[in-house]
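The model shown is predicted, which means the values in this text are computed figures rather than measured ones.
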Amino acid sequence: MTVRLPDPAGGVRLYEPRAEPLALTTGAPFTSRTVFSAAHIVADPYADVSPDSPAAVDWDATLAFRRHLWSHGLGVAEAMDTAQRGMGLDWAGAAELVRRSAAEAKAAGGRIACGVGTDQITAGSLAEVRAAYEEQLALVEETGAQAVLMASRALTAAARGPEDYLDVYGHLLRQASRPVILHWLGPMFDPALEGYWGSGDLDAATDVLLEVIEARPDKVDGVKVSLLDARREVALRRRLPHGVRCYTGDDFHYPELIAGDEQGFSHALLGIFDPLGPLAAEAVRVLDTGDVKGFHELLDPTVELSRHLFRAPTRFYKTGIVLLAWLAGHQGHFTMVGGLQSARSLPHLGRAYELADGLGLFPDPALAETRMKNLLTVHGVDQ
């Protein structure tokens, strides 16, 4: 059997799907790394909504996917940008997602961290930004989940310089009841975050972030770095106070960053671990045994898929993530909140299928093939 995939040049090429998936099973919790997968949400395909409507979520399928991740030993990073935060999922929807997922984590015995942002407001004074953060922090902590202090578009707009970031984050860390994860999300993921920490100079911005951490290291579990710059992440990692983790959010260089070097390593909080969940978990368990070579042999081949999904404009990576979840059988449709299933081209989606299939990521390759052919046929590529 072959699949006729669209070529970026306007033609069609033939692809022969893999016959068997990788044999991956659930396993013991990790011992050497803390690893979160930022999880996507499943839209309700029957909801009569428009791209501007509040998110209509299929809660059963959304929570089932989180149970899938927990079953492989991964933590779930909830209500992050992978869940279309700020791209279709508003604060009301995110709050419901946090409540439901935190309750599900307790029932399943899974680890969960939830995003705390300011998306109740689009702009405002520093006092309003602080109040928005406080509302979300209180909700997340009430559920028992760990908080991830996300980068704020409203703070970017309101801050006059580094001192305002120091003030807002210092205030939030004093209020937090348990250590939080700070999140530095680069402008490739969200252009509105250009100049975060008060400077467009990344060296100066790094100094401000470290000043925030050094003021209250007891309140910072770690920092997630999503700059797609391995060299910069390693440099920051080496400057962190003792006991403060670095969580890589680098979907381009994650194997080398997680493996680390003689001076340390990164933990992980990654969107790419949504489709890679079972394979990534197996790789980390191999790393737990000290087998760095075996870890790389499993995880290095996935980088081509990740770089494809996260290529510019990077913020639309969610479309490929949800496509792969549908092809893998984790949901019954390829529909996204805000209509973002249309945010990537058909050749892009075809290549995502090809790369994922080549890795053996689909538990049922025949199902994935059928669904991909159906999608292609609907878009005019006869099979």
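Between Arg307 and Glu304 there is no salt bridge, since none of the side-chain N atoms of the basic residue sits less than 4.0 Å from a carboxylate O of the acidic one. Between Arg66 and Glu78 a salt bridge is recorded (basic side-chain N to carboxylate O distance below 4.0 Å). Ionic pairing of Asp81 and Arg85 is not present here: no N-O contact between side-chain nitrogen and carboxylate oxygen is shorter than 4.0 angstrom. With salt bridges taken as basic N to acidic carboxylate O contacts below 4.0 Å, one links Lys373 and Glu369. Between Asp190 and Arg153, at least one side-chain nitrogen of the basic residue sits less than 4.0 Å from a carboxylate oxygen of the acidic one, meeting the salt-bridge criterion. Electrostatic pairing of Arg67 and Glu104 counts as a salt bridge here, judged by a charged N lying under 4.0 Å from a carboxylate O. Look at Asp291 and Lys293 and you find no salt bridge, because none of the NZ, NE, NH1 or NH2 atoms lies under 4.0 Å from a carboxylate O.
His267 and Phe265 have their aromatic ring centers within a separation under 6.0 angstrom.
Annotation: salt bridge (Lys or Arg N to Asp or Glu O under 4.0 Å) contacts involving residues 16-40, sequence neighbours excluded, are absent. Annotation: ring pair (Phe, Tyr, Trp, His ring centres under 6.0 Å) contacts involving residues 102-140, sequence neighbours excluded, are absent. Screening residues 311-328 for salt bridge (Lys or Arg N to Asp or Glu O under 4.0 Å), with sequence neighbours left out, gives no hits.
Side-chain atoms of Asp7 do not come within 3.5 Å of backbone N or O of Arg13 as any donor-acceptor pair. Asp251 places no side-chain N or O within donor-acceptor distance of the main-chain N or O of Ser306, the cut-off being under 3.5 Å. Judged by distance alone, the side chain of Glu96 and the main-chain N or O of Gly93 form no donor-acceptor pair under 3.5 Å.
Glu194 and Thr156 are not linked by any side-chain donor-acceptor pair at a separation below 3.5 angstrom, with hydrogens and angles left out of the test. Donor-acceptor pairing under 3.5 Å is recorded for the side chains of His40 and Gln331. In the model, Asp288 has a side-chain atom that pairs as donor or acceptor with a side-chain atom of Ser32 under 3.5 Å.
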Kindly indicate, with the supporting measurements, whether the criterion side chain to side chain donor-acceptor pair (under 3.5 Å) is fulfilled by Asp90 and Gln120.
-> CA-CA 8 Å; Asp90 61 12; Gln120 311 96 306; over 6 Å; no

Show the numbers, then the answer: is there a side-chain contact (heavy atoms from CB on, under 4.5 Å) between Ile181 and Phe36?
-> CA-CA 12 Å; Ile181 299 172; Phe36 291 96; 4.2 Å; yes

Taking it one step at a time, do Thr248 and Ile258 satisfy side-chain contact (heavy atoms from CB on, under 4.5 Å)?
-> CA-CA 7 Å; Thr248 187; Ile258 295 170; 4.0 Å; yes

Would you sort out whether Tyr169 and Val180 count as a side-chain contact (heavy atoms from CB on, under 4.5 Å), showing the intermediate values?
-> CA-CA 11 Å; Tyr169 277 90; Val180 306; over 6 Å; no

Quick one: do Leu166 and Val212 satisfy side-chain contact (heavy atoms from CB on, under 4.5 Å)? Show the steps, please.
-> CA-CA 6 Å; Leu166 293 169; Val212 168; 3.6 Å; yes

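Paired with Met372 under the rule side chain to side chain contact (heavy atoms under 4.5 Å, CB included), one option of Thr370, Leu375, Asn374 passes, and it is Leu375.
In this structure, Asp48 places its CG atom where only 12 or fewer heavy-atom neighbours from other residues, nucleotides or ligands lie under 6.0 Å away.
Contacts of Glu135 classified as salt bridge (Lys or Arg N to Asp or Glu O under 4.0 Å), with partners at least two apart in sequence or in another chain: none. Partners of Asp261 by salt bridge (Lys or Arg N to Asp or Glu O under 4.0 Å), not counting sequence neighbours, listed by chain and number: Arg237, Arg238. Applying the ring pair (Phe, Tyr, Trp, His ring centres under 6.0 Å) test to Tyr165 and every residue at least two apart in sequence or in another chain returns Tyr196, Trp197.
Trp70 does not carry Arg111 over the face of its six-membered ring by the limits of under 6.0 Å from the centre and within 45° of the normal. Judged by a 6.0 Å distance limit and a 45° cone about the ring axis, Arg344 is not positioned over the six-membered ring of Phe316.
Note on Val148 and Leu89: separate hydrophobic clusters, where clusters join Ile, Leu, Val, Met, Phe, Trp and Tyr whose side-chain heavy atoms are under 4.5 Å apart, directly or indirectly.
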